[in-house]
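These notes are about the structure you will find just below.
Note that this is a predicted model, so its numbers are computed, not measured.
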Amino acid sequence: MADKHRSPIESGCPDAFQYMHPVMRKNYGAWKYHEHPRPGVLRHVGYSGDEIWTVRVGTQRILDIFTLRKLCDIGDEFADGYIHFTIRSNVEYMVADEAKVEPLIKAIEDAGFIVGGTKNSVTMISHTQGWLHCDIPGTDASGVVKSMMDELIDEFRENNMPNRVHITTSCCQINCGGQGDIAINVQHTKPPKINHDLVSNVCERPSVVARCPVAAIRPAMVNGKPSLEVDEKKCICCGACFPPCPPMQINDAEHTKLAIWVGGNHSNARGKPTFQKLVAAGIPNNPPRWPEANAIVKRILKAYKEGAKDWERINDWIERIGWPRFFEVTNLPFTKYHVDTWRGARNSLNASTHIRF
Ligand code: SF4
Ligand code: SF4
């Protein structure tokens, strides 16, 4: 046995302080107040008297190296050489001198990017990895984002909403998923179709059986070969069996749809978390511009903009007016798909982070 063990490699987040603007580093935890001089710009003032301006820029999130270089060059030339990404893939530049703000905004806009996404706007839509990294997607979540941001670009640039709106998209309904004021998620509408000739060569059957959240998959012998079978009455069409066993094909052009959920919100100092609820199902998964899903999102935003009081988030607004009124003002049909009749609903209805048994 070796005398000296190799030290473990930690691969967590690097120390953020090394990348911070010096004014931020100096005033860390000692900010007096901040204000919002115009959409896309924040001004923070520290107890030390230091000031820093942050300019927020929308990106397409999946960035090629040339775009990244361009964004970094703008940071070097017009900001103070610092750049950071927010969790919704906005880019933020920081400058310690107010005179640099306007030239920076001009350089950003001349390069084709947009400034906005602060305060009561529709900020960058976040999406899950989709076809880039993952093995289950039923659509390209990033494509939905691009088509939707093209339609909502003015809502990003301006502050017209009652409060901030977080929109998310996700390409399956079970994993990294989307939790937001409005979430556009994939919805499979049929159980997987099994190619029995391939299962024994490709799939590790116990892993696939273990993967199913509702125990709908059983080992079976088909045509003398080991395979799997699905109890279709139990299957919730989640798609979790597809990654460990691609012969269990679930995506297809006809049965893979989009669904829209609204009202999801994380807990904060003032409120408990709220869970998003399904408001539109069976929407065509229609690339490259997803016009049907876009039209419904715009309809929900219009009703929210017209009906909500100042500072109400979408979930607050719906709670105040009630779900029947929500369906009326958004002109969305209330169908049998909105009623949770699944046999495990008694548990799922209670699945919240603040209820304990
Ligand atoms: S939402 Fe689902 S399909 Fe999309 S990246 Fe996440 S796990 Fe994969
Ligand atoms: S789609 Fe989901 S519920 Fe249906 S068999 Fe596969 S893992 Fe189970």
Side-chain angles (χ1 to χ4, degrees), residues 14-126 145-146 148-167 301 305 310-311 313:
D15 176 12
F17 277 87
Q18 60 188 313
Y19 304 120
M20 271 186 202
H21 191 288
V23 174
M24 289 182 76
R25 227 172 8 226
K26 181 180 159 206
N27 293 278
Y28 187 79
W31 296 103
K32 195 171 171 193
Y33 67 93
H34 72 274
E35 57 182 21
H36 185 246
R38 55 159 280 186
V41 179
L42 297 167
R43 172 177 170 253
H44 283 78
V45 180
Y47 283 103
S48 62
D50 291 345
E51 297 181 348
I52 192 163
W53 282 261
T54 306
V55 177
R56 183 175 289 182
V57 181
T59 71
Q60 62 269 46
R61 177 160 173 185
I62 293 179
L63 296 170
D64 59 276
I65 194 80
F66 304 103
T67 312
L68 272 171
R69 285 217 175 100
K70 196 189 283 182
L71 287 165
C72 293
D73 288 346
I74 293 173
D76 282 337
E77 195 177 340
F78 295 94
D80 297 339
Y82 291 83
I83 185 173
H84 74 239
F85 283 85
T86 71
I87 52 168
R88 298 189 83 82
S89 306
N90 300 289
V91 167
E92 289 184 344
Y93 295 103
M94 278 129 294
V95 287
D97 177 1
E98 188 177 5
K100 290 185 179 173
V101 173
E102 284 309 319
L104 172 60
I105 292 175
K106 183 167 182 320
I108 292 164
E109 291 182 338
D110 288 350
F113 298 101
I114 41 170
V115 171
T118 49
K119 218 177 164 193
N120 49 330
S121 61
V122 175
T123 192
M124 266 296 295
I125 301 177
S126 71
V145 166
K146 168 71 179 125
M148 207 162 278
M149 280 310 279
D150 284 350
E151 304 259 338
L152 299 175
I153 188 166
D154 289 336
E155 301 299 350
F156 179 87
R157 279 197 182 120
E158 291 155 20
N159 294 139
N160 290 332
M161 289 289 152
N163 199 341
R164 74 174 66 103
V165 178
H166 286 167
I167 301 182
L301 285 174
K305 196 151 95 172
D310 285 354
W311 307 117
R313 293 285 289 263

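Side-chain contact between Trp53 and Leu104 is absent, with no heavy-atom pair separated by less than 4.5 Å. At a threshold of 4.5 Å between non-hydrogen side-chain atoms, the residues Met124 and Arg56 do not count as touching. Within the 4.5 Å cutoff, side-chain heavy atoms of Leu63 are placed close to those of Phe85. The closest side-chain heavy-atom distance from His84 to Tyr19 is not below 4.5 Å. Considering only heavy atoms from C-beta on, Thr86 comes within 4.5 Å of Glu92 through its side chain.
By the side-chain hydrogen bond (donor to acceptor under 3.5 Å, both in side chains) test, Gln18 is found to be paired with no residue, residues two or more places apart in sequence or in another chain being considered. Residues forming a side-chain hydrogen bond (donor to acceptor under 3.5 Å, both in side chains) with Asp110 (at least two apart in sequence, or on another chain): Lys106. By the side-chain hydrogen bond (donor to acceptor under 3.5 Å, both in side chains) test, Asp73 is found to be paired with no residue, residues two or more places apart in sequence or in another chain being considered. For the side-chain hydrogen bond (donor to acceptor under 3.5 Å, both in side chains) test, no residue two or more places apart in sequence or in another chain qualifies with Lys70.
No more than 12 heavy atoms of other residues, nucleotides or ligands sit less than 6.0 Å from atom CD of Glu77.
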Listing, residues 21-28 side-chain donor-acceptor contacts under 3.5 Å, not counting sequence neighbours, or none:
| unit_1 | atom_1 | unit_2 | atom_2 | d |
| --- | --- | --- | --- | --- |
| His21 | ND1 | Val23 | N | 3.1 |
| His21 | NE2 | Asp80 | OD2 | 2.7 |
| Arg25 | NH1 | Phe17 | O | 2.9 |
| Arg25 | NH1 | Met20 | O | 3.3 |
| Lys26 | NZ | Asp50 | OD2 | 2.8 |
| Asn27 | OD1 | Ser48 | OG | 2.5 |
| Asn27 | ND2 | Val23 | O | 2.8 |
| Asn27 | ND2 | Asp50 | OD2 | 3.0 |

For residues 112-122, tabulate all N or O donor-acceptor pairs below 3.5 Å that involve a side-chain atom, not counting sequence neighbours.
| unit_1 | atom_1 | unit_2 | atom_2 | d |
| --- | --- | --- | --- | --- |
| Thr118 | OG1 | His36 | NE2 | 2.7 |
| Thr118 | OG1 | Gly40 | N | 2.7 |
| Asn120 | ND2 | Asn159 | O | 3.3 |
| Asn120 | ND2 | Met161 | O | 2.8 |
| Ser121 | OG | Thr118 | N | 3.3 |
| Ser121 | OG | Thr118 | O | 2.9 |

